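Note that the coordinates shown come from a computational prediction; the quantities given were computed from them, not determined experimentally.
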Amino acid sequence: MAPRTRILALLSGLLLFTAAGSMFALFTLVRADDELHRVAGHDVPLLKVVTEITAAHLEQSIRFERALRYARDREESPRAVARYEAANQEFEELAAGVWNSLQEGRGIAGRTAAQGDDPRTREEAAAVLALLEHIDIGHNAYAEQVRAVFSLLDGGRRNDARSLAARIGSDENQLQQALGRLLVEASSSTEDASLRAQSNEQRALWVTGALAGLGILLGAFVFVHLARLVSEIKSLGGLLPICSHCKKIRDDRGYWNQLEAYLEAHSEAAFTHGICAECQERLHAQVAADRTMGPGVPSAAAEEAVGTSDVP
């Protein structure tokens, strides 16, 4: 292979290897960036909303229990009346906050379930959305039952209010369990996305480091070969040991090579054969002389060939 072709092949291989490795590292970094965008745009806001819903519902339960206790003491303590009304008002404010948070969470999960970047993301968002819808229905029913209890208490029907409050307890436990599952689902989804982003980022760093190391080794390999090729090319410009008789050239390993073969191996030269005008004139003269002298008489060209073969 000609030196120029070998140099181009080595450099092309180095460039292709670097380009392929860089594209893979870039692809891995893009995946990590997508996961981080998902965490920032979907998982973190959704987890925040779910946490707010869970905390607000717990506060609702506390306000409901306080209202029931203050309702029993209203006839004996005027301060209990004010506290009962305050607890009732706080319950309504918390109920409105939970409803708003549920709608916000449903919006985030719904958009991700419909427009997620990959099937796993859409599947996880759809599961969270189903839980949010179930909790939304359960919370609305819970709030309506609590309002019915307050209405019974305001109407003086304490026994009916007490019976309804007892039934609310079991429904509230189911709602709290659903909120617990929702919190676990949202936390797990956020943690998984964060781990995937971290894994992709680490993979990109490993790939980049490996590429740097392999690039150095490959660069050194190319440099050594280029130095060898340059040395071979320079050898054509220096002193070449050539046989004074047959004109063969001795290479650096001690082998004698035909001039044409040596030049073709160490340069981009290629040979084709012809005959110069001087040799053509001389050969024509010898052929004419042979025809004049007749057969059986050795020609000058034959004598020259015989004499040449006798030279050691």
Side-chain angles (χ1 to χ4, degrees), residues 19-61 93-146 168 170-211:
S22 300
M23 290 297 294
F24 180 78
L26 180 61
F27 172 74
T28 308
L29 286 175
V30 168
R31 289 185 60 187
D33 185 66
D34 290 341
E35 292 291 348
L36 291 175
H37 276 293
R38 177 201 163 179
V39 171
H42 168 262
D43 294 309
V44 171
L46 185 59
L47 183 60
K48 177 176 177 292
V49 168
V50 171
T51 304
E52 291 175 353
I53 294 171
T54 305
H57 178 70
L58 181 60
E59 288 291 332
Q60 277 186 294
S61 300
E93 292 175 356
L94 289 168
V98 170
W99 187 86
N100 291 330
S101 297
L102 282 168
Q103 305 317 306
E104 183 182 357
R106 289 176 63 179
I108 296 173
R111 287 191 298 271
T112 306
Q115 304 172 3
D117 295 332
D118 57 87
R120 179 171 53 184
T121 300
R122 294 192 293 270
E123 182 179 353
E124 292 176 353
V128 172
L129 178 60
L131 275 174
L132 284 169
E133 292 174 345
H134 173 71
I135 292 171
D136 191 9
I137 295 173
H139 177 265
N140 289 335
Y142 167 75
E144 288 299 326
Q145 288 177 327
V146 171
I168 290 176
S170 61
D171 295 337
E172 185 180 5
N173 289 334
Q174 293 179 1
L175 183 58
Q176 289 177 349
Q177 290 176 3
L179 284 169
R181 291 197 303 271
L182 177 62
L183 187 59
V184 170
E185 187 74 24
S187 301
S188 177
S189 177
T190 303
E191 184 179 0
D192 291 343
S194 300
L195 290 176
R196 287 196 298 270
Q198 183 179 3
S199 176
N200 287 328
E201 186 178 6
Q202 290 178 350
R203 187 180 298 110
L205 292 176
W206 277 106
V207 169
T208 304
L211 285 175

Determine all donor-acceptor pairs shorter than 3.5 Å in which one atom belongs to a side chain in residues 128-139; sequence neighbours excluded.
| from | atom 1 | to | atom 2 | distance (Å) |
| --- | --- | --- | --- | --- |
| Asp136 | OD1 | Asn140 | ND2 | 3.3 |
| Asp136 | OD2 | Gln103 | NE2 | 3.1 |
| Asp136 | OD2 | Arg106 | NH1 | 2.7 |
| His139 | NE2 | Gln60 | OE1 | 2.8 |
| His139 | NE2 | Gln60 | NE2 | 3.4 |

Name all residues meeting the side-chain contact (heavy atoms from CB on, under 4.5 Å) criterion together with Ser61; count only those two or more places apart in sequence or in a different chain, and write none if there are none.
His57, Tyr142, Glu172, Gln176

What distance do Asn173 atom CG and Ile168 atom CD1 have between them, rounded to the nearest 0.5 Å?
12.0 Å

With rounding to the nearest 0.5 Å, note down the distance linking CD1 in Ile53 to CG in Leu94.
13.0 Å

Salt bridge (Lys or Arg N to Asp or Glu O under 4.0 Å) contacts touching residues 44-57 (sequence neighbours left out):
Lys48-Glu52

Which residues share a side-chain hydrogen bond (donor to acceptor under 3.5 Å, both in side chains) with Gln177, sequence neighbours left out
none

Across all chains, not counting sequence neighbours, the salt bridge (charged side-chain N to carboxylate O under 4.0 Å, His left out) partners of Glu59 are Arg63

Shortest non-hydrogen separation from Ala113 to Ala126 and the atoms involved:
CB-N, 3.8 Å

Is the number of heavy atoms from other residues, nucleotides or ligands under 6.0 Å of Glu123 CD greater than 12?
no

